[in-house]
Enquirer: 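I'd like to ask some things about the structure below.
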Protein chains: 2
Amino acid sequence: MTKTKPPQALSAADQKAAILREDRRVTSYDVAMLAGVSQSAVSRCFKPGASVSKATYARVMQAAEGLGYIPNAAARSLITRRSNTVALLISNASNLYYPEALSELSQQITRHGKRALLFTMQSESDVGEILNDVWQYQVDGVIAAAALSEAQIAECERRRVPLVVFNRHLRDSHVASVFCDQYEAGRMLAARLAAAGHRQFGIIAGPEESVVASERRRGASDKLLELGLPAPALAYGCFDYGSGAHGLRQIIAQLGRAPDAIICGNDVMALGCLDHARHELRLDVPGELSVAGFDAVEPSNWLSYNLTTLRQPIQKMALAAADLLASLIDAPCGGAEKRVFAPQLIEGATARLTPRPTALAA
Amino acid sequence: MTKTKPPQALSAADQKAAILREDRRVTSYDVAMLAGVSQSAVSRCFKPGASVSKATYARVMQAAEGLGYIPNAAARSLITRRSNTVALLISNASNLYYPEALSELSQQITRHGKRALLFTMQSESDVGEILNDVWQYQVDGVIAAAALSEAQIAECERRRVPLVVFNRHLRDSHVASVFCDQYEAGRMLAARLAAAGHRQFGIIAGPEESVVASERRRGASDKLLELGLPAPALAYGCFDYGSGAHGLRQIIAQLGRAPDAIICGNDVMALGCLDHARHELRLDVPGELSVAGFDAVEPSNWLSYNLTTLRQPIQKMALAAADLLASLIDAPCGGAEKRVFAPQLIEGATARLTPRPTALAA
DNA sequence: TTGTATGCGTTATCAT
DNA sequence: ATGATAACGCATACAA
């Protein structure tokens, strides 16, 4: 009969027996047994910077390799209180801009040795229900590309889950956040277009419940008001291509004619507006009508468009968000740092950005 | 002195003490204490379909509510061997097509009560390293929008992690998968264009390491060969906009003139090719040159383009993938079901799809 | 450096 | 229907 520990047992046989016979997954105990060390020794081998002798490390690693052992994150997180997981809250991608953000954020989160757990939602108003799902996963932190209410932010704090708000400026609350100043961006675009001599504006704003959309709209409106220009014609869309054409028609109906310039709440609507103007209304853009958007999504740069738009430095923002969250995770005491990025004007060729030569000059 | 359990103690005080005093997170024990039941009773209340009396259920839930208790998924998964998590392997989104797939897949995974853990990679060849990360998270399953090697598939099996391959047809292996037949799609497109009288073709294929890209290319090439048409001029791109222009230039250089039709490995390259042809080479598309792509990404449908392309039913595919994985998770015995979807031709207006009126007809 | 023993928070098994 | 108790797989304090 084989005793429990025959000194010269075939380790290969042991291993095969352990792994093949049972349905069980291999644990650190299995590795320990095979390597002839204690379970804690195995554990230490997988903890960077733990004190293990070279010899045991080698034997443990060999055994682990042989068994295909990988530490169980669930068990580990139970004791370390770290899941190496970050919740990524993001509203659905009809925007064509979120995919880029999503990809960048995922990338950056990975750089910090964590993985993104994806929580997509149809509308930003679904955040509430989503959050309840988030908690049980014991994420180390949350990056929210959505507007949270004060109560929701408070709950994050209460649960001691670090939170970084991405691309949303929650003015009054002191939560960590990374964003472009959309209000300022709206002002900037309006100012630039006004300086070029445009007087009658149209604005195709994004959905009313979107903070980004309303900031952009407010910024533009306020600036135009300050400059003493006529009130802009206003239409609302839902950030999609079709909204651009629809918004343009509404604005023309309101004014009885095409405006001098149209500011769209994002690029996709701007492209829709542009195409409708050019291909269906036969308007000369930018000769008769200037069109501008926000985001500098990839297609805005294509030869057929070359859209005038404001770029957000998404990559830098994603980097900042991940870094900020990581620092918050490491030192939960950290204050509510806000990192503001400046949008960059892409001049493009769909808006006239210099004054027309005047008749006087002739 | 207060005893351990004073019958008429202030439950509110107890609760505050428990939650405020310590840094600890609230556990089912806390809830049990507050509700005056055993911990296992609490556990049962959070398990759908367990046998609990209405009375205790109510008291437990009230206590849980008061404490903000949420079951800890890590602890749960340790014993249930379910993390309610699915790994989503996806190569980076320069493709402009993956974002849609990603969003849909996430959506559908959620429908099954699970969440997507995101593993993005720069290139499909990174799958190997990524997989090692995947295992430790104890995911319930894997959806891979990338090509896996036989060894990698075998490892999934060995670890008993259900796997569904998305949008990749691994011909020889019997792994569960959901895909369009890209080879057939390539043939279909080539056949249709050839029937319209195009003779000299150019192909701007996607990256050589992409299975999808090479299937499309092979399909088109094979069909042209079968039809006895001249060998197509071939260029390779990396699925991005710039590759379209670059590929077109290469092909023209090879042939000494523009081909009759160009088949591009995806829409983004097709749009790049189209724009280059129209705006820089001043070619009439589809008068002098037909251009077609694959995927029917959103911009392909915009007024400026109206691209001839083949649509993949991504939503249906995502639904199928999630369902398939879910069934595999519930019944690991399941065979390697494959679900093939047919691409749908979007006729568009960038390729001539009917024969030219012949001189004879005049 | 190494091994022993304990606990993380839950579910599951078994009595009652 | 309910409560005691034993896992689940790992990390850590402590003793050696």
Side-chain angles (χ1 to χ4, degrees), chain A residues 5 18-19 22-60 63-64 67-84 135-138 140 159-160, chain B residues 5 18-19 22-61 63-64 67-85 135-138 140 159-160:
Chain A
K5 274 206 168 185
I19 200 160
E22 313 199 39
D23 192 11
R24 251 187 36 222
R25 31 188 168 186
V26 316
T27 74
S28 52
Y29 278 100
D30 300 324
V31 178
M33 185 122 351
L34 185 59
V37 298
S38 74
Q39 180 269 330
S40 41
V42 176
S43 174
R44 278 190 283 263
C45 287
F46 283 89
K47 173 178 173 147
S51 86
V52 197
S53 76
K54 259 203 156 13
T56 50
Y57 181 84
R59 283 169 53 203
V60 165
L67 293 177
Y69 168 76
I70 304 252
N72 180 324
R76 167 181 290 170
S77 75
L78 204 53
I79 182 101
T80 60
R81 315 174 97 90
R82 281 279 144 86
S83 62
N84 286 334
W135 306 131
Q136 73 180 39
Y137 283 98
Q138 307 296 117
D140 295 341
R159 295 192 182 273
R160 295 201 172 37
Chain B
K5 275 207 168 185
I19 198 160
E22 314 200 40
D23 191 12
R24 252 187 35 223
R25 31 187 169 187
V26 316
T27 75
S28 52
Y29 277 100
D30 300 324
V31 177
M33 186 121 353
L34 185 59
V37 298
S38 77
Q39 181 271 334
S40 29
V42 176
S43 175
R44 276 190 285 264
C45 287
F46 284 88
K47 174 180 172 146
S51 86
V52 198
S53 76
K54 258 200 156 13
T56 50
Y57 181 84
R59 284 169 54 203
V60 164
M61 280 318 188
L67 293 176
Y69 168 76
I70 305 251
N72 180 325
R76 168 182 291 168
S77 76
L78 203 53
I79 183 91
T80 61
R81 306 165 155 251
R82 282 279 142 87
S83 62
N84 287 334
T85 280
W135 305 131
Q136 72 180 39
Y137 283 99
Q138 307 296 119
D140 295 341
R159 296 192 182 273
R160 296 198 171 39

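Throughout, a chain's letter reflects where its sequence line sits, starting with A, and its residues are numbered from 1. Predicted model only: the values in this text are computed from it and were never measured.
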Enquirer: Tell me the closest heavy-atom pair linking B:Val60 and B:Val31, and the distance in Å.
Expert: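 Where B:Val60 meets B:Val31 most closely, the heavy atoms are O-CG1, 3.8 Å.
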Enquirer: For residues 44-58 of chain B, which residue pairs qualify under side chain to side chain donor-acceptor pair (under 3.5 Å), counting only residues two or more places apart or in two chains?
Expert: B:Ser53-B:Thr56
Enquirer: How far apart are the closest heavy atoms of B:Tyr69 and B:Ser28, and which atoms are they?
Expert: CE1-N, 3.4 Å
Enquirer: Could you work out, with side chain to side chain donor-acceptor pair (under 3.5 Å) as the rule, every residue matching A:Gln138, not counting sequence neighbours?
Expert: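 With neighbours one apart ignored, the set is empty.
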Enquirer: Could you pull out the closest heavy-atom pair between A:Val26 and A:Leu67, with the gap in Å?
Expert: CG1-O, 3.8 Å
Enquirer: Identify, with sequence neighbours excluded, every residue that meets side chain to side chain contact (heavy atoms under 4.5 Å, CB included) alongside B:Ser83.
Expert: B:Ser77, B:Thr85, B:Asp140
Enquirer: Please list, in numerical order, the residues of residues 50-57 of chain A that have a heavy atom closer than 4.0 Å to any atom of DNA chain C.
Expert: A:Ser51, A:Val52, A:Ser53, A:Thr56
Enquirer: Closest approach of A:Cys45 and A:Val52, non-hydrogen atoms and distance?
Expert: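 Heavy atoms of A:Cys45 and A:Val52 come nearest at SG-CG1, 3.8 Å.
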Enquirer: Might you point out which heavy atoms bring A:Gln136 and B:Pro71 nearest each other, and give the distance in Å?
Expert: CB-O, 3.4 Å
Enquirer: Can you name the side chain to side chain donor-acceptor pair (under 3.5 Å) partners of B:Arg159, sequence neighbours left out?
Expert: B:Glu155
Enquirer: Considering non-hydrogen atoms only, spot the tightest contact between B:Arg76 and B:Phe46 and give its length.
Expert: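 Of all heavy-atom pairs spanning B:Arg76 and B:Phe46, the closest is NH2-O, 4.3 Å.
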Enquirer: Going 5' to 3' along DNA chain D, which nucleotides are the first and last within contact of chain B (any atom under 4.0 Å from a heavy atom)?
Expert: D:dA1 to D:dG9
Enquirer: Who are the side chain to side chain donor-acceptor pair (under 3.5 Å) partners of A:Ser38, not counting sequence neighbours?
Expert: A:Ser40
Enquirer: So, using side chain to side chain contact (heavy atoms under 4.5 Å, CB included) as the criterion, who are the partners of A:Arg59 when residues are at least two apart?
Expert: A:Val37
Enquirer: Strictly under 4.0 angstrom, non-hydrogen atoms only: write out the protein contact profile of nucleotides 11-16 of chain C, one letter per nucleotide from the 5' end, B, S or -.
Expert: BB----
Enquirer: Taking CG from B:Leu67 and P from C:dG9, how many angstroms apart are they, rounded to a whole number?
Expert: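 In whole Å, C:dG9 P lies 14 Å from B:Leu67 CG.
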Enquirer: Using the C1' atoms of the five pairs at each end, what is the angle between the end axes of the helix from C:dT1-D:dA16 to C:dT16-D:dA1, to 10°?
Expert: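 The value is 30°.
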Enquirer: Just to confirm, is there a sub-4.0 Å distance from OP1 or OP2 of C:dC8 to any side-chain nitrogen or oxygen of A:Arg81?
Expert: no
Enquirer: For A:Thr27, what residues pass the side chain to side chain contact (heavy atoms under 4.5 Å, CB included) criterion, not counting sequence neighbours?
Expert: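 Testing A:Thr27 for side chain to side chain contact (heavy atoms under 4.5 Å, CB included), a comparison that skips the adjacent residues, returns A:Tyr29, A:Asp30.
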Enquirer: Would you mind reading off the distance between A:Arg59 atom CZ and C:dT2 atom C1', rounded to a whole angstrom?
Expert: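 It is 12 Å, rounded to the nearest whole Å.
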Enquirer: Let me know the distance between CG of B:Asp30 and P of C:dC8, rounded to the nearest Å.
Expert: 11 Å
